[in-house]
Amino acid sequence: IRLALEQFSEENPDLKVKFEGTVNGFDRFEGEKITLLRGNYFDLDDTNAGGKFGAVYDRGSMVAIEPNLRVDYVDTLGKLIAPGGKILLVVLERVGEEDVVKKGPPFSAPDL
């Protein structure tokens with residue numbers, strides 16, 4: 001993941017993103033109106049994130065993690081979203097034979 005962050009920085013020179021160090025277990029890449037963090041999502045809080053978010057776009061995280069981690073994922077996200085904030089969550093529902101549906105990732109999320 002660190003390599004992907006470095007490549008993002010190189011591919012977007014106008015954002016002037018550079019590695020600023022590791023703080024509280026998170027590698028911080030900061031630039032023009034953007035901060036990228038690498039670390040354990042479940043350890044993330046509004047202090048490490050630099051505040052609460054007014055909006056979150058999640059394309060696939062919920063279906064990428066083991067289903068038994070979903071409650072912890074939502075709890076962490078709840079600590080990061082500002083009051084009145086919006087979340088756009090993109091998930092999928094797998095259909096077919098039971099053994100196919102239970103395989104992942106991505107894991108089916110029919111109950112969301």
Side-chain angles (χ1 to χ4, degrees):
I1 294 175
R2 169 102 187 235
L3 178 60
L5 293 171
E6 291 170 351
Q7 290 171 340
F8 176 86
S9 301
E10 293 168 6
E11 294 168 1
N12 298 279
D14 54 313
L15 295 176
K16 299 178 181 153
V17 175
K18 59 184 175 179
F19 178 65
E20 294 293 335
T22 302
V23 179
N24 296 328
F26 289 89
D27 290 342
R28 295 184 69 87
F29 292 78
E30 297 186 26
E32 299 285 324
K33 299 182 181 181
I34 188 170
T35 300
L36 305 171
L37 301 172
R38 186 190 72 84
N40 184 335
Y41 170 81
F42 298 104
D43 293 335
L44 189 59
D45 59 24
D46 58 332
T47 301
N48 291 323
K52 293 187 180 278
F53 300 102
V56 172
Y57 170 60
D58 180 337
R59 184 194 163 275
S61 295
M62 183 68 75
V63 295
I65 61 173
E66 294 284 337
N68 64 320
L69 294 174
R70 288 181 179 160
V71 170
D72 292 336
Y73 176 86
V74 171
D75 287 345
T76 301
L77 186 57
K79 294 174 188 172
L80 297 170
I81 196 80
K86 307 291 182 199
I87 301 170
L88 176 59
L89 179 65
V90 179
V91 297
L92 61 87
E93 178 180 4
R94 297 178 82 176
V95 296
E97 300 293 323
E98 184 174 341
D99 61 328
V100 172
V101 171
K102 290 187 179 203
K103 288 182 182 178
F107 296 97
S108 185
D111 52 342
L112 299 177

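Model, not experiment: these values are computed from the prediction. Index from 1, following the sequence. We use all heavy atoms of the structure for the numbers below, so side chains are in, but hydrogens, waters and symmetry mates are not.
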S.K.: With a cut-off of 3.5 Å and sequence neighbours excluded, list every side-chain donor-acceptor pair involving residues 16-32.
M.R.:
{"unit_1": "Thr22", "atom_1": "OG1", "unit_2": "Asp27", "atom_2": "OD1", "d": "2.6"}
{"unit_1": "Asn24", "atom_1": "ND2", "unit_2": "Asn48", "atom_2": "OD1", "d": "2.9"}
{"unit_1": "Asp27", "atom_1": "OD2", "unit_2": "Arg38", "atom_2": "NE", "d": "3.0"}
{"unit_1": "Asp27", "atom_1": "OD2", "unit_2": "Arg38", "atom_2": "NH2", "d": "2.9"}
{"unit_1": "Arg28", "atom_1": "NE", "unit_2": "Glu30", "atom_2": "OE2", "d": "2.9"}
{"unit_1": "Arg28", "atom_1": "NH1", "unit_2": "Asn48", "atom_2": "O", "d": "2.8"}
{"unit_1": "Arg28", "atom_1": "NH2", "unit_2": "Glu30", "atom_2": "OE2", "d": "3.3"}

S.K.: State the CZ-CG distance between Arg70 and Asp75, to the nearest 0.5 angstrom.
M.R.: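 Here the rounded value is 14.5 Å.
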
S.K.: Testing the basics here: between Ala64 and Phe107, what is the closest heavy-atom pair and its distance to 0.1 Å?
M.R.: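 What the structure gives for the nearest pair is O-CE1, 4.0 Å.
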
S.K.: How long is the span from the CD atom in Glu10 to the CG atom in Leu5, to the nearest 0.5 Å?
M.R.: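 The distance works out to 11.5 Å.
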
S.K.: How many angstroms lie between atom NZ of Lys52 and atom CD1 of Ile81, to the nearest 0.5 angstrom?
M.R.: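 These two atoms lie 9.0 Å from each other.
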
S.K.: For Ile34 and Phe8, run side chain to side chain contact (heavy atoms under 4.5 Å, CB included): C-alpha distance rounded to whole Å, both residues' side-chain angles, the deciding distance at 0.1 Å, then the answer.
M.R.: CA-CA 12 Å; Ile34 188 170; Phe8 176 86; 4.0 Å; yes

S.K.: Go through the steps for Ile87 and Phe53 under the test side chain to side chain contact (heavy atoms under 4.5 Å, CB included), then give the verdict.
M.R.: CA-CA 10 Å; Ile87 301 170; Phe53 300 102; over 6 Å; no

S.K.: Could you tell me which non-hydrogen atom of Leu92 sits nearest to which non-hydrogen atom of Val63, and how far apart they are?
M.R.: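 Nearest pair, atom of Leu92 first, then Val63: N-CG1, 3.8 Å.
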
S.K.: Between atom OG of Ser61 and atom CG of Leu77, what is the distance when rounded to the nearest 0.5 Å?
M.R.: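 Between atom OG of Ser61 and atom CG of Leu77 there are 9.0 Å.
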
S.K.: Verify the cluster assignment for Val90 and Leu80: are they in a single hydrophobic cluster under the rule of side-chain heavy atoms below 4.5 Å apart?
M.R.: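 Per the 4.5 Å side-chain linkage, Val90 and Leu80 are not co-clustered.
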
S.K.: A side-chain contact here means heavy atoms from C-beta on lying under 4.5 Å apart; do Lys79 and Leu44 qualify?
M.R.: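 With C-beta onward as the side chain, the pair stays apart.
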
S.K.: Suppose we screen for ring-ring contact (aromatic ring centres under 6.0 Å, His included). Which residues come up paired with Phe42, at least two apart in sequence or across chains?
M.R.: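 If we apply the ring-ring contact (aromatic ring centres under 6.0 Å, His included) test to Phe42, skipping adjacent residues, there are no hits.
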
